[in-house]
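A short worksheet on the structure shown next.
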Amino acid sequence: MKIKWLAALFVLLLLGCKEEFPLEFKTNEKILVVEGGITNKPGPYSVRLSTTLPINQPIRVPFEKCVVTISDNQGHSETLTETSPGVYMTSKNGIQGTIGFEYSLSVSAPDGKIYQTAFEEMKPVLEIDSVYAELTNHEDLDYPYGLPGYQFYVDSKPALDKETYVMWNLEETYKYEADYKLYALYYFGEYFYANRHMDTIAEITGLNYDTLFTCWKTDPVRNVFTGQIANLSELEIKHKPLHFVGTETKKLSIKYSLLVQQCSISKEAYIFWESIRDQISDESFLYTKQPYNISGNLVNIDDPQEMTFGYFTVASVTEKRIYYTRPNSAFYFEKGFAADPVDLHKKAQPVYLIFRDILGMAFVHKDCVDCRTEGGVIKKPDFWVD
């Protein structure tokens with residue numbers, strides 16, 4: 001479903017009002033995409049601009065050589081610097097968001113077009129009370145008895161008024177290990193054992209496998225989470241479901257950390273992100289309701305009907321980090337293939353060997369003994385708590 005893919009693209013690209021109209025695009029129509037924003041946290045802030053062709057070619061092309069400016073309603077402004085193609089940054093000591101001020105983004109394109117957002121107020125902070133998880137079995141067709149894992153939740157402290165709208169940005173970091181620990185290296189008829197010959201193994205391979213067994217990986221959580229106080233009986237958010245992390249990957253295999261940013265946003269921003277969430281969460285929305293094109297808040301001042309995607313978000317932010325250790329549950333992630341060490345001299349040299357208790361040695365692909373091949377790094381994050 002191409003329109004569903006396009007809606008999901010927002011989540012991958014970004015962190016407005018929903019308008020209903022038929023899906024009619026010119027096949028060569030380029031659409032400007034904006035992502036970024038300003039918060040009450042110290043900068044620098046970034047704005048990423050790109051263009052994309054709708055549906056038929058959902059590929060972003062950096063939009064370069066623009067003049068990008070963030071302004072407030074108090075007469076302050078800063079023109080951003082293009083630090084890489086399509087990426088524009090404020091300076092380290094430049095403009096900073098202040099609660100109660102209003103902010104706007106303007107973009108002057110090389111072709112003379114000028115785009116602007118309306119001024120949006122930076123709302124008061126809604127503080128996080130707690131972030132926590134509950135061990136549960138998640139319904140999944142691939143797991144008849146449910147997939148074990150942690151369902152995460154957030155509670156807020158009381159809001160100042162009912163006209164409070166929030167969005168949550170999540171970043172996960174987890175510690176994991178390579179599929180296997182290197183036991184020995186076979187190299188042209190000789191065995192070199194990791195516990196005695198690591199220097200020689202490092203000379204042969206160029207790598208010290210003592211340091212490549214444990215990694216940490218950090219990723220944004222690619223979901224949209226929104227909430228509002230207006231429809232609640234009390235001025236606080238309780239037991240708001242965030243994402244679920246199951247045991248089908250290595251994320252919970254040792255230790256898992258979640259950083260939750262709670263962003264207080266405008267009603268207009270809430271409507272935009274809620275519209276995105278609504279479309280990507282409904283598997284059958286093409287068949288159950290009129291599909292929407294969700295235009296962003298960046299407007300061509302000479303042609304307001306021109307569609308743009310994305311949202312320049314003005315938000316006050318509070319955050320909290322939590323840690324969870326491996327749950328006492330079944331894990332279902334697969335390890336790399338290990339085979340009996342026959343005809344080692346006929347295999348590409350060197351041959352990587354592991355030890356399988358009573359089964360003895362087996363050979364594996366070198367990726368299976370290097371945790372970095374799964375996207376992580378061997379340097380422990382500065383914030384990490386063991």
Side-chain angles (χ1 to χ4, degrees), residues 8 11-15 41 128-140 142-143 145-155 167-182 207-225 239-263 280 317-338 354 364-386:
V11 184
L12 298 175
L13 303 184
L14 316 172
L15 271 191
K41 299 290 186 181
I128 295 174
D129 183 67
S130 59
V131 179
Y132 52 97
E134 295 176 1
L135 186 60
T136 185
N137 279 359
H138 192 71
E139 290 187 12
D140 193 306
D142 293 329
Y143 302 91
Y145 300 102
L147 176 65
Y150 284 124
Q151 173 64 55
F152 286 87
Y153 298 91
V154 62
D155 293 347
M167 174 178 68
W168 291 273
N169 294 328
L170 312 181
E171 183 181 83
E172 59 183 4
T173 302
Y174 56 95
K175 181 180 181 180
Y176 69 95
E177 295 174 341
D179 285 348
Y180 305 101
K181 194 171 186 67
L182 182 67
L207 296 171
N208 183 353
Y209 282 90
D210 273 344
T211 65
L212 301 182
F213 185 60
T214 301
C215 279
W216 289 261
K217 188 176 182 182
T218 298
D219 284 315
V221 176
R222 303 294 190 179
N223 297 89
V224 175
F225 305 96
H239 208 58
K240 168 69 178 180
L242 298 175
H243 70 314
F244 172 82
V245 182
T247 58
E248 82 283 18
T249 71
K250 292 184 178 181
K251 291 182 180 182
L252 301 179
S253 60
I254 300 178
K255 195 169 189 178
Y256 180 91
S257 176
L258 182 67
L259 176 65
V260 177
Q261 287 189 333
Q262 186 165 279
C263 307
I280 65 173
V317 176
T318 182
E319 61 185 38
K320 186 178 288 289
R321 179 181 292 280
I322 60 169
Y323 294 86
Y324 274 83
T325 55
R326 178 186 177 112
N328 185 22
S329 303
F331 277 76
Y332 297 99
F333 61 84
E334 296 183 356
K335 291 187 174 183
F337 179 74
I354 62 169
V364 297
H365 190 275
K366 65 179 180 179
D367 287 354
C368 296
V369 292
D370 185 348
C371 62
R372 299 174 305 168
T373 61
E374 298 179 60
V377 297
I378 59 176
K379 185 179 184 300
K380 182 170 67 173
D382 294 336
F383 59 79
W384 191 260
V385 176
D386 283 318

How close do [X] and [Y] get, heavy atom to heavy atom, and via which atoms?
| X | Y | result |
| --- | --- | --- |
| Val317 | Cys263 | CG2-SG, 3.9 Å |
| Lys240 | Trp168 | CE-CZ3, 3.6 Å |
| Gly336 | Cys368 | CA-SG, 3.7 Å |
| Ala338 | Ile354 | CB-CD1, 4.0 Å |
| Thr325 | Tyr150 | O-OH, 3.4 Å |
| Asp370 | Ala178 | N-CB, 3.9 Å |

Return the [atom1] to [atom2] distance between [X] and [Y], rounded to the nearest 0.5 Å.
| X | Y | atom1 | atom2 | answer |
| --- | --- | --- | --- | --- |
| Cys371 | Lys217 | SG | NZ | 11.5 Å |
| Gln151 | Phe244 | CD | CZ | 7.0 Å |
| Asp140 | Tyr145 | CG | OH | 15.0 Å |
| Lys175 | Lys250 | NZ | NZ | 14.0 Å |
| Glu171 | Leu258 | CD | CG | 9.0 Å |
| Thr249 | Glu374 | OG1 | CD | 9.5 Å |

Q. Name the one of Val221, Ile322, Leu170, Thr318 that satisfies side-chain contact (heavy atoms from CB on, under 4.5 Å) with Val260?
A. Leu170
Q) Picking from Asn137, Leu135, Leu147, what satisfies side-chain contact (heavy atoms from CB on, under 4.5 Å) with Ser329? A) Leu135
Q. Are the charged groups of Arg372 and Asp367 less than 4.0 angstrom apart, N to O?
A. no
Q | SB check Asp386 Lys255 (cutoff 4.0 Å) | A | no
Taking the side chain as every heavy atom from C-beta outward, state whether [X] and [Y] have any atom pair closer than 4.5 Å.
| X | Y | value |
| --- | --- | --- |
| Leu259 | Thr173 | no |
| Ile128 | Asp155 | no |
| Val364 | Asp179 | no |

Q: Any chance you could lay out the side chain to side chain contact (heavy atoms under 4.5 Å, CB included) test for Phe213 and Lys181, step after step, and finish with the verdict?
A: CA-CA 6 Å; Phe213 185 60; Lys181 194 171 186 67; 3.8 Å; yes
(Q) Whether Lys335 engages the ring of Tyr180 as a cation-pi pair (distance to the six-membered ring centre under 6.0 angstrom, angle to the ring normal within 45°) should be assessed. (A)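 Yes, Lys335 and Tyr180 form such a contact.
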Q.
side chain to side chain contact (heavy atoms under 4.5 Å, CB included), that's the test. Do Val154 and Gln262 meet it? Break it down for me.
A. CA-CA 9 Å; Val154 62; Gln262 186 165 279; 3.9 Å; yes
Q.
Is it the case that over 12 heavy atoms from other parts of the model lie below 6.0 angstrom from the CZ atom of Phe383?
A.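 Counting neighbours around CZ of Phe383, more than 12 heavy atoms of other residues, nucleotides or ligands fall under 6.0 Å, so yes.
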**Q.** Arg326 side chain to Ser253 side chain, donor-acceptor N/O pair below 3.5 angstrom
**A.**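 Judged by distance alone, the side chains do not pair up.
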Q. With distance as the sole criterion, is a donor-acceptor pair present between the side chains of Gln261 and Glu319 under 3.5 Å?
A.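 Yes.
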**Q.** Aromatic contact, Phe152 with Tyr132 (centres under 6.0 Å)
**A.** no
(Q) Just checking Tyr323 against Tyr256, ring centres under 6.0 Å apart? (A) no
Q: Kindly determine whether Asp219 and Lys251 satisfy salt bridge (charged side-chain N to carboxylate O under 4.0 Å, His left out), including the steps that lead there.
A: CA-CA 11 Å; Asp219 284 315; Lys251 291 182 180 182; over 6 Å; no
Q: Measure the acute angle between the ring planes of Tyr174 and Tyr176, then classify it against the limits of 30° and 60° as parallel, tilted or perpendicular.
A: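 Plane angle between 30° and 60°, so tilted.
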